[in-house]
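Beneath this line is the structure, given in structure tokens, with notes to follow.
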Amino acid sequence: MTALADKAVEAQAAARADKPLRREWGVANVFSHGFLLLWALLTTLPLLWVVLSSFKDDNEILTDPWGLPGALRFENWHRAWTEAHIGRYFLNSIIVVSGSLTLTMLFGATAAYVFARYDFRFKQVFYYLFVGGMMFPVFLALVPLFFVVRNAGLFGTWRGLILVYAAYSLPFTVFFLTAFFRTLPQAVAEAALIDGCGPFRLFFRVMLPMARPGLISVGIFNFLGQWNQFILPQVLMQGDDSRWVLAQGLSALAVSQGYQGDFSGLFAGLTIAMLPVLGVYVLFQRQIQSGLTAGQLK
């Protein structure tokens, strides 16, 4: 009985000792949730304001910028799509991003698989050369990049922009996927080799399907970065506006308006530019989360 009483006293003392810690964790949770709520409002409200402004006329935007639109004016969207050529720029962006994303994922996954699964001389040197590209911002290479693209005969072409997009997306892709490929079970690869799979078939038929969560995650990040790219097309796609991408078209639309312009059309164009990004995130948010945590869970 005495031993049981001592254990009960110890349990009560431990419970009392835990109470301040629990209160501290409660305060931390309230603070973290409040910060996340504030961050959500700071990111959501500007997007909502742009969408609502796309349905207003110019007078409502200037006189009542924070109010609701008096009517849903879809003609603003039609005017931006046709008269401001947002539709043409939108299609150009889809072509460029589709090509660059395909090259990025193909070469990035191949290089990451080699770094993760094979041992060869100077492996770490080549890996850090790839990853080191993330340390250099694009602004430092604009001038030499301009001359390289021009001397290669790719200035003002989609091919040149696609290659540059892919090159700047490769470091992060290799870094992300190398860590992911290392978490995949080696036993599956060995079993496939025993069954007669060659290196290429093993990679494309076995390892890539297993790495699907990581591929989806890094693919979405690359899509967002390439779709929102502004400085590279401004430097490398000068001249013929029929080949401009969406960021250039919106910039030209905003500059050409000055102080008297089609503000409702501009907001409609901005909303059209945001829709693919928002759609991709809403559709693949679970894949993004699972891809980011898969490496830690395995």
Side-chain angles (χ1 to χ4, degrees), residues 77 80-82 84-113 130 133-134 138 145 148-149 152-177 180 203-205 207-209 211-253 268-288 291-292:
W77 290 46
W81 185 267
T82 56
H85 308 295
I86 296 299
R88 181 175 64 192
Y89 303 141
F90 189 92
L91 179 60
N92 294 345
S93 293
I94 291 178
I95 295 173
V96 171
V97 173
S98 297
S100 60
L101 191 60
T102 301
L103 291 180
T104 301
M105 298 306 298
L106 177 61
F107 293 123
T110 305
Y113 176 73
F130 264 105
M134 293 190 297
V138 64
L145 184 63
V148 168
V149 173
L154 299 175
F155 183 76
T157 64
W158 289 339
R159 290 175 298 164
L161 199 59
I162 287 173
L163 291 176
V164 173
Y165 277 12
Y168 271 96
S169 301
L170 275 177
F172 173 73
T173 304
V174 172
F175 172 76
F176 186 96
L177 291 180
F180 194 89
F203 174 67
F204 287 103
R205 300 292 298 274
M207 304 307 292
L208 277 186
R212 183 179 177 183
L215 293 173
I216 292 176
S217 297
V218 74
I220 292 173
F221 282 118
N222 285 329
F223 169 79
L224 298 179
Q226 294 174 8
W227 184 268
N228 295 324
Q229 183 59 246
F230 174 74
I231 188 65
L232 287 177
Q234 285 289 97
V235 174
L236 303 178
M237 288 292 293
Q238 302 175 16
D240 186 9
D241 60 355
S242 64
R243 293 181 174 269
W244 285 0
V245 296
L246 194 54
Q248 291 175 279
L250 290 174
S251 176
L253 178 61
L270 291 172
T271 304
I272 293 173
M274 292 189 303
L275 287 180
V277 177
L278 295 176
V280 166
Y281 181 77
V282 170
L283 291 176
F284 296 101
Q285 57 178 331
R286 292 188 177 182
Q287 285 82 352
I288 295 176
L292 291 175

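Source: prediction; values computed, not measured.
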Point-to-point distance, once rounded to the nearest 0.5 Å, from [atom1] of [X] to [atom2] of [Y]:
X: Thr102; Y: Phe107; atom1: OG1; atom2: CZ; answer: 10.5 Å
X: Leu170; Y: Leu106; atom1: CG; atom2: CG; answer: 10.0 Å
X: Gln248; Y: Ser93; atom1: CD; atom2: OG; answer: 8.5 Å
X: Leu208; Y: Met105; atom1: CG; atom2: CE; answer: 9.0 Å

Can you name the nearest heavy-atom pair linking [X] to [Y], along with the distance?
X: Gly108; Y: Thr173; value: CA-CG2, 3.9 Å
X: Ala109; Y: Leu215; value: CB-CD2, 4.1 Å
X: Ala84; Y: Ala80; value: CB-O, 3.4 Å
X: Phe90; Y: Ile272; value: CE1-O, 3.8 Å
X: Val245; Y: Pro233; value: CG2-CB, 3.6 Å
X: Gln226; Y: Ser100; value: OE1-OG, 2.6 Å

Indicate yes or no: at least one non-hydrogen side-chain atom of [X] is less than 4.5 angstrom from one of [Y].
X: Phe223; Y: Ser169; result: no
X: Leu236; Y: Leu145; result: yes
X: Trp77; Y: Thr271; result: yes
X: Phe180; Y: Ser217; result: no
X: Leu250; Y: Ile86; result: yes
X: Gln238; Y: Phe155; result: yes

| message | Working note: Leu246 + Trp227, criterion side-chain contact (heavy atoms from CB on, under 4.5 Å); need CA distance, chi angles, decisive distance, verdict. | response | CA-CA 8 Å; Leu246 194 54; Trp227 184 268; 3.7 Å; yes

| query | Counting N and O atoms only, with roles assigned by atom type, does the side chain of Trp158 sit under 3.5 Å from a partner on the main chain of Arg243, one being a donor and the other an acceptor? | reply |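 Yes, Trp158 side chain to Arg243 backbone: donor-acceptor pair under 3.5 Å.
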
| task | Say whether, by atom type as modelled, one donor and one acceptor occur between the side chain of Ser251 and the main chain of Ala247 under 3.5 angstrom. | result | no

| request: Output, in order, the C-alpha distance, side-chain angles, deciding distance and verdict of side-chain contact (heavy atoms from CB on, under 4.5 Å) for Arg88 and Trp244. | output: CA-CA 8 Å; Arg88 181 175 64 192; Trp244 285 0; over 6 Å; no

| said: Checking Leu161 against Met237 for the side-chain contact (heavy atoms from CB on, under 4.5 Å) test, could you report, in this order, the C-alpha distance in whole Å, the side-chain angles of both residues, the deciding distance, and whether it holds? | reply: CA-CA 8 Å; Leu161 199 59; Met237 288 292 293; 3.7 Å; yes

| Tyr165 and Leu232: CA distance, side-chain angles, deciding distance, side-chain contact (heavy atoms from CB on, under 4.5 Å) verdict | CA-CA 8 Å; Tyr165 277 12; Leu232 287 177; 4.0 Å; yes

| task | Verify the neighbour count for atom CZ of Phe172: are there more than 12 heavy atoms of other residues, nucleotides or ligands below 6.0 Å? | result | yes

